[in-house]
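Worksheet: one structure, shown below.
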Amino acid sequence: LAKTPLFQGVPPQAIEVAREAFVTRNYPAGKLIFEAGDMGAALYIVQSGQVRIYRTYLDGRERMFAYLGPGEVFGEMSLLDDQPRSASAETTVDSVLLVLYQDAYWSLVRKWPEILHNLATILARRLREADLELEVLSFEEARGRVAYALTKLRKQRYGDGLKMKLTHQELAQLSGTSRETVTRVLHALREEELVKVGSGYVEILDPAGLEEVLFGLR
Ligand code: CMP
């Protein structure tokens, strides 16, 4: 708990109390935690494993928003505004999650307002990312979108590793394009020696070059 951004700068005593307030839950790989539209007012922290945040549309297509790893927080939106879940959450591997219910959240926040400030910081960061994403998805061609998805995925899921296990279908869901388009764009990026593409993986050869593509600079 001490390592999550939610408890940054919060006194150790608060973390002790918080430990009691959270409920620990084990989830196997591929387990749905909640679905978009569900009511629910608990906040989650990933203790170990990985959670993916996504939405499924009526025509069956899926859009992936994020992969979250250890220390990361989700489910805070419904906790704060009492509206239905904005997206679905599912484990990708066996995971341990810490769950905080609304009453417990409020009693923590009343005693240590730093927690609320930290949550606001997390939301601000996410809004910045969402703004950038909106810009890329509305103004950039498929090329920029695919470069964006690759860059985001690298940062979220692989730290600084550049070789990613990834299918064209997955990349299409992340960049809001079709699988065929992804295949075409990857081919071009490979020709320009920005990426290397193998069966079931994509390796970024030139991260800076890829960021230029993302912003339409090359
Ligand atoms: P909530 O709406 O309660 O449930 C779905 C959660 O997904 C939401 O809270 C956020 O925590 C998380 N979420 C929604 N959109 C994004 C996004 N673009 N990036 C990362 N996490 C998100």
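The figures that follow rest on heavy atoms only: side chains count, while hydrogens, waters and symmetry mates do not. Note that ligands are numbered from 1 as they come in the structure, with each ligand's atoms numbered from 1 the same way.
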Give every residue pair that meets the side chain to side chain donor-acceptor pair (under 3.5 Å) criterion with at least one member in [range], sequence neighbours excluded.
range            : answer
residues 193-208 : none
residues 20-44   : Arg25-Tyr101
residues 75-87   : Glu76-Arg126, Asp82-Gln102

Evaluate salt bridge (charged side-chain N to carboxylate O under 4.0 Å, His left out) for Glu62 paired with Arg52, printing each intermediate quantity in order. CA-CA 12 Å; Glu62 204 178 82; Arg52 70 183 189 101; 3.0 Å; yes
Listing by chain and number, which residues have a heavy atom under 4.0 Å from ligand 1? Phe34, Ile53, Phe65, Ala66, Phe74, Gly75, Glu76, Met77, Ser78, Arg85, Ser86, Ala87, Arg126
Minimum side-chain heavy-atom gap His168-Leu171 below 4.5 Å: no
Is it possible for you to check whether Arg145 lies under 6.0 Å from the centre of the six-membered ring of Tyr148, through NZ or CZ, and within 45° of that ring's axis? no
